[in-house]
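Being a predicted model, the structure only gives us computed values, none of them experimental. Numbered from 1 within each chain, the chains take letters A, B, ... in sequence-line order.
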Amino acid sequence: MSGLNMIEVRTEEMVLNMGPHHPSTHGVLRLVLTLDGEIIRSCSPVIGYLHRGMEKLAENRTFVQYPGIIDRYEYLTAMFTGVLYSMSAEKIAGIEVPEKAVWMRMIMMELNRIASHLFWLGTYMLDLGANGLLFYALREREMILNLFEEVCGARLLYSYACVGGVRFPNSPTFEKHCREFLKLFPDRIKDYEAIVTDNPVFLERVDGVGVFDRQACLDYGVSGPPLRSVGVKKDLRKDNPSLFYDQVAFDVPIGTRGDTLDRYLLRIEEMRQSVRIIEQCLDRMPAEGAYKAKVPAVIKVPPGEVYFALESPRGELGAYMVTNNADKCYRLKLRCPSYNHTQFLPVAIVGQKVSDVMAIFGSLDVILPEVDR
Amino acid sequence: MNALLDAFFGIPPFWLGAIGSVLVIFLVVLPAVIVMVLWERKFLGMLTQRPGPNRVGGRFGLLQTVADALKLLTKEDFTPKDADHKLFFIAPVLFMAPTFLVYAVIPFGHFGGKDYAPAIIADLRTGVFFLAAVFSIHTVAILMAGWASNNKYSLMGGIRGVAQAISYELPLVFSFLGVVLLTGSMSTVDMVRAQDGWFYNWFCFAQPVAFLIYLICAVAEVNRVPFDIPEAESELVSGFNTEYSGMRFAMFFLAEYASLLAVSALAATVFLGGWNAPFPTPAAIAASTVGMFVWSVAWFTLKVAVLITVAIWVRGTLPRLRADQLMNFAWKALVPLVLINIFATGLLGLWGRPAVAAGMWLAIALFWAYGAARTPRFHERRRRVAF
Amino acid sequence: MSDEDKKATPEAGTEAGPTRDAPTGDAPTGDAGPITEAGSTKEATVAAAPAPAPAVPKAPAKPAAPPLELSPAGKALADAVAGLGFDLGEARPDSWGNPTFEVAPDRLVDLGTALKAKLGLSYLACLAPLDWPDRWEVAYHLYDFERKTWLALKTRIPKDQVQIPSVTPLWPAANWYEREGYDMYGVEFAGHPHLARLLMSDDWQTFPLRKDHPMDLEGGY
């Protein structure tokens with residue numbers, strides 16, 4: 001027969017909007033996905049829902065006022081931004097912080113790292129569907145928050161670090177409670193691993209999923225556990241140590257395959273290493289000491305600039321501070337790791353399936369407040 | 001049952017069957033679902049270090065489900081703007097109907113006596129066949145709900161739900177076939193009668209592989225974690241029933257729990273000995289009708305409760321499987337396994353049931369040893385992290 | 001060029017087994033501030049700030065900044081950059097020892113290409129515009145994995161013409177940073193693939209982080 005025409009079957013690509021209101025986007029993030037069946041063809045994140053003008057605020061609040069606001073960048077790791085801001089100002093002004101304050105800052109930062117990773121673990125399991133693990137992780141986090149409450153009076157947003165030291169002295173029972181927590185925590189980590197790491201369903205979702213390309217990670221400024229999972233050994237606590245990180249012994253785990261399972265394993269291991277760090281800090285911290293240097297009531301920082309960075313649980317948390325001999329900084333640009341990771345997300349998920357989006361996005365550990373600032 | 005009830009007021013059996021089914025639904029299923037919802041939330045709370053409902057109705061939240069039902073009843077009942085109204089309306093109904101149909105062939109107990117009359121609505125001679133037919137209907141309902149909602153998330157949930165339901169129906173029905181081979185009948189009552197006596201007569205010992213496959217497929221058919229891709233909350237915000245609210249959502253909700261109850265009851269019937277106790281019935285109880293009825297219903301309820309608890313336990317522990325992994329598992333693992341099971345049952349059954357049991361357990365032991373020898377990789381996983 | 005590339009790219013995770021870092025008492029790399037090393041005695045050490053008048057909290061005296069110097073890694077990096085032949089002048093240290101170079105906007109992309117190709121600086125950590133009364137500035141911070149320090153590049157743009165070539169083709173990380181720069185300051189990055197507003201809503205008219213922009217806008221934009 002002549003004249004047989006082939007009918008082309010046309011499939012349309014579907015635009016799916018994982019809208020700002022979504023149980024799993026860890027904040028108010030909008031992902032506009034173009035799907036071909038279950039495969040993602042393109043993704044464009046829309047951010048800005050949580051923009052609060054923190055950088056403008058930094059230019060209009062003094063060095064004494066701003067530490068009260070800076071916790072709000074990364075509310076799960078409020079200690080890091082506080083220390084970052086204070087240390088940037090201290091470096092430009094040449095203010096010397098007493099030794100005990102430095103040790104306290106380190107202890108609080110590492111406790112905050114454990115708390116952040118625990119929260120990540122619980123919510124990541126929620127994303128994957130295992131509702132059971134959330135409260136177990138939060139149970140340990142409660143203990144850490146109680147420790148924070150002992151010293152700072154607050155559980156989540158502390159405004160603990162100030163220019164010159166820390167704002168609050170240690171409570172007399174802090175060390176005792178901290179050591180109790182450190183004694184029982186490694187067993188709890190073992191418990192989590194028992195439930196999760198060998199779970200075949202978890203491994204199906206996570207093993208070999210979301211392998212990152214190494215050069216793409218470097219191009220997009222990915223840092224922290226995602227960068228270490230592809231084998232790049234970059235940890236600012238080792239490479240550019242500040243505080244007393246060069247005086248404590250700890251290891252930095254790096255992954256071998258760059259998939260989601262590696263990032264999960266890295267964070268578990270980092271929790272263990274943080275326990276080591278805190279123990280050493282508690283051992284070496286002087287019992288007596290000032291917790292704050294004598295700084296004037298109105299802190300005026302001479303003109304100067306600095307780019308200072310810390311290793312937060314999410315990656316390289318950097319502050320570019322420019323001062324101009326005023327009691328406020330002239331410009332504060334906070335370089336937040338989640339910003340780069342959210343920008344990297346389309347590169348990571350194009351070509352993957354929709355169900356993997358949450359697994360990959362969760363493994364990047366993005367917090368929206370620091371993306372939007 | 002028919003003979004017994006014929007003696008009752010001389011009412012024709014058809015009407016008794018009809019009244020009986022309604023009574024079963026209202027006196028058995030609905031209270032059971034009310035208890036189940038509360039028990040699920042309490043037990044999940046226990047598993048996850050939470051108290052569970054503890055406000056409504058005293059410290060144990062006993063009236064929680066009632067409160068939930070009242071809340072759902074008083075919600076605004078709306079239809080999305082461009083939804084397909086007819087399909088939107090029918091979908092919940094069609095989702096509920098097959099669930100209640102399944103109860104028609106489940107024997108809850110028996111009345112003892114020479115007749116050994118079972119308490120069942122309709123003792124069909126093709127009970128299992130009827131079940132296979134009925135299970136397929138709710139697949140259509142899922143797709144209807146997903147399509148009619150005019151919502152991309154619902155559509156995706158509906159499509160995934162259909163794929164999953166179809167994939168897991170085959171192993172579900174085939175897992176019964178081993179038991180059918182051993183009893184020589186498709187009637188559920190015959191299956192329970194064949195498990196009389198001591199507990200080693202139960203088919204879960206003669207057909208362990210089929211029992212396990214049945215449990216997995218049952219959980220998958222009811223769309224529960226780890227197979228709840230159609231209503232995956234963290235991805236699809238409730239999937240195919242996103243747009244339903246109020247009484248319509250209550251119907252989905254009710255039907256899901258009633259389905260769980262139904263498949264657990266089926267598992268108890270076919271594999272766990274139905275109304276039989278683990279030991280032969282004491283003579284004193286066997287003598288009286290009422291005693292026998294209470295005894296058999298009690299054991300049946302216990303077994304169903306244990307199975308439901310196991311299903312809730314699994315929900316609280318495992319993460320969710322991805323849609324393609326789910327279907328891979330069904331087609332590439334369960335279907336071949338269940339077919340091998342039927343073949344092996346047929347072959348070994350030539351030498352009687354004990355031979356079948358022995359053969360099955362031997363095969364399981366061999367596979368376990370083989371797997372254990374080949375799986376150190378689980379522990380190597382942690383060593384993937386270098387320093 | 002490819003050899004240098006390989007040398008300068010970040011080291012892969014080829015450690016042989018776990019290596020423990022013994023605690024060292026040396027000065028940490030990249031830390032030029034006098035913060036963490038002094039005051040290790042057990043009694044109360046109250047280190048005073050270097051300059052302000054000690055007894056008069058009400059009158060803050062003019063503080064003097066400590067002398068700045070490049071960290072050893074920063075010095076090595078500055079030498080390497082100077083060796084590229086772009087005639088950038090002396091590296092100015094910032095308060096943490098990172099070298100800062102001043103670049104003209106029209107040579108920025110060439111310098112960036114050379115940095116990426118010859119020194120392997122493909123990691124852009126931060127990109128920030130600044131608003132000075134007499135000029136605009138854009139600061140770029142690149143991280144060197146080999147020497148483990150940051151390199152800061154600063155460009156000056158005249159006040160009336162807020163335009164600068166985009167570095168997104170070089171460093172893809174710059175994509176959102178430049179969009180945010182446009183959004184907040186109105187800096188136009190020529191050559192950017194999609195220069196649209198990022199954080200503010202799409203129909204916002206003003207540029208919030210400019211110094212002449214008030215903190216509160218009455219009645220919206």
At a 4.5 Å cut-off on heavy atoms, which part of K56(A) comes close to chain C: side chain, backbone, both, or neither? both
Does the side chain of S95(C) pick up a donor-acceptor pair with the side chain of E305(A) at under 3.5 Å? no
Using non-hydrogen atoms and a 4.5 Å limit, figure out which bit of R92(C) sits close to chain A: side chain, backbone, both or neither. side chain
Please flag which part of A125(C) lies under 4.5 Å from any non-hydrogen atom of chain A: side chain, backbone, both or neither. both
In terms of heavy-atom proximity below 4.5 Å to chain A, should P129(C) be classed as side chain, backbone, both, or neither? both
Side chain / backbone / both / neither for F344(A) at chain C, heavy atoms under 4.5 Å: neither
Aromatic ring proximity, centroids under 6.0 angstrom, F308(A) and Y320(A): no
So E180(C) and Y185(C), side chain to side chain donor-acceptor pair (under 3.5 Å) or not? Walk me through it. CA-CA 8 Å; E180(C) 189 187 338; Y185(C) 284 93; over 6 Å; no
According to the interplanar angle, ranging from 0 to 90°, do the rings of Y330(A) and W132(C) count as parallel (below 30°), tilted (30 to 60°) or perpendicular (above 60°)? parallel
So which part of L170(C) gets closer than 4.5 Å to some heavy atom of chain A, the side chain, the backbone, both or neither? neither
R284(A) and side chain to side chain donor-acceptor pair (under 3.5 Å): which single residue from E99(A), E279(A), Q247(A) fits? Q247(A)
Look at D251(A) together with R276(A) and state whether they make a salt bridge at an N to O cut-off of under 4.0 Å. yes
Taking side chain as everything from C-beta outward and backbone as N, CA, C, O, which of these in N324(A) sits under 4.5 Å from a heavy atom of chain C? Side chain, backbone, both or neither. side chain
Tell me, side chain or backbone of W150(C) under 4.5 Å from chain A's heavy atoms, or both, or neither? side chain
Where does L124(C) contact chain A at under 4.5 Å (heavy atoms): side chain, backbone, both or neither? backbone
So that I know where these two stand, are F189(C) and Y182(C) an aromatic pair - ring centroids less than 6.0 Å apart? no
Considering only heavy atoms, which portion of Q343(A) lies under 4.5 Å from any heavy atom of chain C: side chain, backbone, both, or neither? both
Is it the side chain or the backbone of Y143(C) that comes within 4.5 Å of chain A heavy atoms, both, or neither? side chain
Classify the angle between the aromatic ring planes of Y140(C) and W171(C) as parallel (below 30°), tilted (30 to 60°) or perpendicular (above 60°). tilted
R105(A) charged N/C atom sitting above F244(A) aromatic ring, 6.0 Å / 45°: no
Crowding at CD, E90(C) (>12 non-hydrogen neighbours, <6.0 Å): no
Side chain / backbone / both / neither for N60(A) at chain C, heavy atoms under 4.5 Å: side chain
Which atoms of D183(C) come close to chain A, meaning under 4.5 Å heavy atom to heavy atom: side chain ones, backbone ones, both, or neither? neither
Considering only heavy atoms, which portion of P172(C) lies under 4.5 Å from any heavy atom of chain A: side chain, backbone, both, or neither? both
Report which part of R179(C) has an atom under 4.5 Å of a heavy atom belonging to chain A: side chain, backbone, both, or neither. neither
